[in-house]
Amino acid sequence: MDSIGRMAVSCFHSFAEYAKSYVFGRFFWIFYKIEKEQQLYYIYHLLKTTEKLFKNKKGDWLIHPWIEKVR
């Protein structure tokens with residue numbers, strides 16, 4: 001986990017940037033792996049979760065900075 005954390009910190013400037021990349025990656029896998037009939041369900045829930053995590057500048061993905069020990 002430490003090596004993954006170091007790599008993420010070297011590639012992304014913030015947790016929010018990392019999280020946005022994660023969300024776009026999830027979209028890719030939704031369209032690649034999930035049956036067409038289920039895609040809308042997963043996309044809806046991914047968008048609702050993303051909205052909650054980024055909402056009002058108090059969402060978890062916006063307020064947590066990178067852990068200084070990893071840097």
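Quantities reported herein were computed from a predicted structural model and do not represent experimental measurements.
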### Query
Linking I/L/V/M/F/W/Y whenever their side-chain heavy atoms sit closer than 4.5 Å, directly or via other members, would Ile34 and Tyr41 fall into one cluster?
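Both belong to a single hydrophobic cluster.
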### Task
Would you mind checking if Lys48 and Glu51 are paired as a salt bridge, meaning a charged N to carboxylate O distance below 4.0 Å?
yes
### Under the ring pair (Phe, Tyr, Trp, His ring centres under 6.0 Å) test, residues paired with Tyr44 that sit two or more places apart
none
#### Entry: side chain to side chain contact (heavy atoms under 4.5 Å, CB included) partners of Glu37, counting only residues at least two apart
Glu35
### Sequence-distant partners of Leu47, side chain to side chain contact (heavy atoms under 4.5 Å, CB included), two or more places apart
Phe27, Ile43
### Query
Can you tell me if Thr49 uses its side chain to pair, donor with acceptor, with the backbone of Leu46 under 3.5 Å?
no
## Note on the structure
Value for OG1 (Thr50) from CZ (Arg26), rounded to nearest 0.5 Å, stands at 10.5 Å
### Message
Applying salt bridge (charged side-chain N to carboxylate O under 4.0 Å, His left out), can you list everything that pairs with Lys36, at least two apart in sequence or on another chain?
### Response
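By the salt bridge (charged side-chain N to carboxylate O under 4.0 Å, His left out) rule, Lys36 matches no residue at all.
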